[in-house]
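Have a look at the structure below before the remarks.
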There are 2 protein chains.
Amino acid sequence: MRTIKDVAHELGLSVSTVSRALNDKPDIKKETREKVLEAMKRLNYSPNANARSLIQKKSNMIGLMLSDITDPFFSEVALGVEDVFSKVGYQIIYGNTFLDLDKEKQFLSNLLERKIDGLIMKPGKLDAELMSLVERLEVPVVLLRKLDENEKHLNISTIDVDHYMAAYKAVEYLINIGHQNIGFIGMSKDVNEEEERLNGFSDCLRDHSLEHSVDNVVISGTGIKHGGTGIQRLMEKKPKITAVFAANDLLAIGALEWLAKNNYRVPEEVSVIGFEDLEISSLHWINLTTVKLPRKKIGTQSAEMLMHMLSSENFEKKEVELDTQLIIRKSSGNKQINS
Amino acid sequence: MRTIKDVAHELGLSVSTVSRALNDKPDIKKETREKVLEAMKRLNYSPNANARSLIQKKSNMIGLMLSDITDPFFSEVALGVEDVFSKVGYQIIYGNTFLDLDKEKQFLSNLLERKIDGLIMKPGKLDAELMSLVERLEVPVVLLRKLDENEKHLNISTIDVDHYMAAYKAVEYLINIGHQNIGFIGMSKDVNEEEERLNGFSDCLRDHSLEHSVDNVVISGTGIKHGGTGIQRLMEKKPKITAVFAANDLLAIGALEWLAKNNYRVPEEVSVIGFEDLEISSLHWINLTTVKLPRKKIGTQSAEMLMHMLSSENFEKKEVELDTQLIIRKSSGNKQINS
DNA sequence: AACGTTTCCGGTAACGTTACCGAAATCTTT
DNA sequence: AAAGATTTCGGTAACGTTACCGGAAACGTT
């Protein structure tokens, strides 16, 4: 491995001069700079980023903490983040946590040692110990969800969509096309964004004076299979239901599958609506009405926010909300009069 | 940010002693070690990995170069890699290249500056300039595909599945259930693994003395849509076809969609078989017979190979082939006698 | 030709850590 | 209690780079 010293020695120059050439700094003659750059190429010299980080107290690396990169949501976010940062010479250290607190803490303390310049993360709970680690990083942070009321004091920026309003509007759409008995299928009480979606669902029903009780909400679990078990339980509790709002597309697809297998006609007998707009949701067998999330944009915009915080001296925290879009497909339709 | 000096000064010790405590080295009394560790916690000290890397000439970081993290194949590979390396305290720097040579070179030269310890990569072409960058890294490398004949001299390990044999066996299965007119839909001539799959397809037909000409091969493009255009062109050229082997699941799904829209019965009139076994391929509407790839295992095993190379003094390159599995579902069936 | 400016370059220190060597402190043996 | 053996510690150099300061060289002015 060649060092700046080798280059300096090769040309009979000092390391300072070579460093100046390398970093496009002033106080160096044009010709000597060119000579240096040429020698660098010839000697296959490549600067040592670790040494540079050490003295500049800036690593040009950022951390990206997400729960599961195989989740299409996160992989697109990751793509967006990389898209932005690779253009400005930052490297990304990524880690999957599966919302496991220990893994999250482990990853954060690794980042702490690496002296990263910034962090984009989607943790589970904002545990006190976790937040203490985040604070010790002493770098700007972008959180990929909203802050709860008791977290508002934290000095970190956030970016997210308005889950509440998106759900509200989706349910309102169902009501507008005639549905009066609408069910909800969720995966877990512990997920922030699902709670917001459920609140939007509930408030919308209440605002339209429609029946709403524990009977039209089922929390079944995560994944396609639980969409099936979810709607099954829902139909048992409330056979009159004509429309279902699922907390995400996978659940909705599972529900569609169950309905098909049990000879329900969609949307004539039951309308189904999802949340996220996965790529497969537009397949003609599925054709799911759903709420489209700007996944890649969440990635790019969070990266741009972080970039901005990195460059501006005293940044103030921002809380950004991105728009969603209701994509109407064939899994939803007017309530039939004779059903 | 606290340094080792702060800890040393706090206890009236030397930095050497503190370093010894930090790294569990000998030549230190048990009690002083405990005192030091306690002081580190109290002062919120965290070692600086960059400084450590500098003197140890070892960064504890590895590079992961893939084409597109939103591709389920790569995201699972990435998960597997992270799974293995996070357990041993390595960080992963990842980058998407979209098989763009410039992006690949850019990423590699970034890794060069970072002084990574190892690299796992899936590049497009093994361009000479690219390989020169890889060699300059002077670290063990695992390639996520096979080496061509003219690349065999390269001192890098590989891991991949046997695309040729997997395709061969898939086509043989179609032949065994009675099909004699089988078509192939591919996405591009430039993708190594597809070429292998096509060779397996061709050789299998030839070995069974079945008709094989340019007429039963269509190269249409990438993505679900091109599965539709692909099969359409295939049916125009060869209306007698009763089975189709698609180079990947997305193409197969596109083909299924086209068949459904054009009132072909699957598998009664046309059997369809894919390659990869995406999660959605098992949805009951699709139910695609396909070749299952051990995606996560490719990730974990490549990581373990790299780990091994990192620890052993003089590693020899290995070329590993993982098994595939033919998953038979309802998109394929016996050739009907009267068709 | 002497002076002041500007341009360009070199030397030294520093970043935070570990490697290495030598010396102090403690323990063992006689 | 003195000698040696062992344990424990400190000081210094080094990793590869940039920051900073001072001075030499080149230029322009009178």
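Protein chains get the first letters and strands the later ones, always in sequence-line order, with residue 1 at the start of each. Side chains are part of it too, since the values below use all heavy atoms of this structure and drop only hydrogens, waters and symmetry mates. Because the structure is predicted, anything quoted here is derived from the model rather than measured.
Atom P of nucleotide C:dT17 and atom CE of B:Met40 are separated by 8 Å, given to the nearest angstrom. Nucleotide D:dG11 holds its P atom 11 Å from the CG atom of B:Leu13, rounded to whole Å. Here D:dG10 presents its C1' atom at 15 Å from NE2 of B:His9, a figure rounded to the nearest Å. Distance B:Lys58 NZ to C:dA19 C1': 16 Å, rounded to the nearest Å. Protein atom CZ of A:Arg33 is 14 Å distant from nucleotide atom P of C:dT7, rounded to whole Å. Atom NZ of B:Lys29 and atom P of C:dA24 are 17 Å apart (whole Å). One interatomic measurement links the two molecules: NZ of B:Lys35 to C1' of D:dT8, which rounds to 12 Å at whole-angstrom precision.
Counting only heavy atoms from C-beta outward, the side chains of A:Lys115 and B:Asn48 approach each other to under 4.5 Å. B:Leu66 is not listed as a side-chain neighbour of B:Phe73, based on a closest heavy-atom distance of 4.5 Å or more.
Shown here are the side-chain contact (heavy atoms from CB on, under 4.5 Å) partners of A:Arg136, two or more places apart in sequence or in another chain: A:Leu112, A:Ser132, A:Leu133, B:Asn44, B:Ser46. With sequence neighbours excluded, no residue forms a salt bridge (Lys or Arg N to Asp or Glu O under 4.0 Å) with B:Asp190. When the side-chain contact (heavy atoms from CB on, under 4.5 Å) test is applied to A:Ser86, the partners found at least two apart in sequence or on another chain are A:Glu82. Partners of B:Gln301 according to the side-chain contact (heavy atoms from CB on, under 4.5 Å) rule, which considers only residues two or more places apart in sequence or in another chain, are B:Ile159, B:Lys297, B:Val320, B:Leu322.
Of the candidate nucleotides D:dG10, C:dG10, D:dT18, D:dT18 has the atom lying nearest to any side-chain atom of A:Ser19.
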Side-chain donor-acceptor contacts of residues 49-56 of chain A below 3.5 Å, not counting sequence neighbours, with atom names and distances?
from, atom 1, to, atom 2, distance (Å)
A:Asn50, ND2, B:Arg114, O, 3.4
A:Ser53, OG, A:Ala49, O, 2.7
A:Ser53, OG, A:Lys58, O, 3.4

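Taking CG from B:Leu64 and CG from B:Leu144, the interatomic distance works out to 7.5 Å, rounded to the nearest 0.5 Å. Distance check, rounded to the nearest 0.5 Å: NZ of B:Lys35 to CD of B:Glu31 gives 8.0 Å. To the nearest 0.5 Å, atom CG of residue B:Leu11 and atom OG1 of residue B:Thr32 are 9.5 Å apart.
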Using a cutoff of under 3.5 Å, can you pull out all pairs of nitrogen or oxygen atoms linking the protein to nucleotides 25-27 of chain D, with atom names and distances?
none

What nitrogen or oxygen pairs link the protein and nucleotides 12-16 of chain C at under 3.5 Å?
from, atom 1, to, atom 2, distance (Å)
C:dC15, O3', A:Lys57, NZ, 3.0
C:dG16, OP1, A:Lys57, NZ, 2.8

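End-to-end axis angle of the helix from C:dA1-D:dT30 to C:dT30-D:dA1, using five pairs per end and rounding to 10°, comes to 40°.
At a non-hydrogen distance threshold of 4.0 Å, B:Arg20, B:Asp27, B:Ile28 from residues 20-28 of chain B come into contact with DNA chain D.
Close to C:dG10, at under 4.0 Å from its OP1 or OP2, lies a side-chain N or O of A:Thr17.
Screening residues 84-108 of chain A for salt bridge (Lys or Arg N to Asp or Glu O under 4.0 Å), with sequence neighbours left out, gives A:Lys105-A:Glu129. Screening residues 66-81 of chain B for salt bridge (Lys or Arg N to Asp or Glu O under 4.0 Å), with sequence neighbours left out, gives B:Glu76-B:Arg295. Annotation: salt bridge (Lys or Arg N to Asp or Glu O under 4.0 Å) contacts involving residues 17-28 of chain B, sequence neighbours excluded, comprise B:Asp24-B:Arg33.
Contact annotation for A:Thr32: backbone-only contact, meaning every heavy-atom pair under 4.0 Å involves sugar-phosphate atoms and none involves a base.
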Verify salt bridge (charged side-chain N to carboxylate O under 4.0 Å, His left out) between A:Lys146 and A:Glu151, making sure each step is shown before the conclusion.
CA-CA 9 Å; A:Lys146 294 192 190 66; A:Glu151 300 164 350; over 6 Å; no
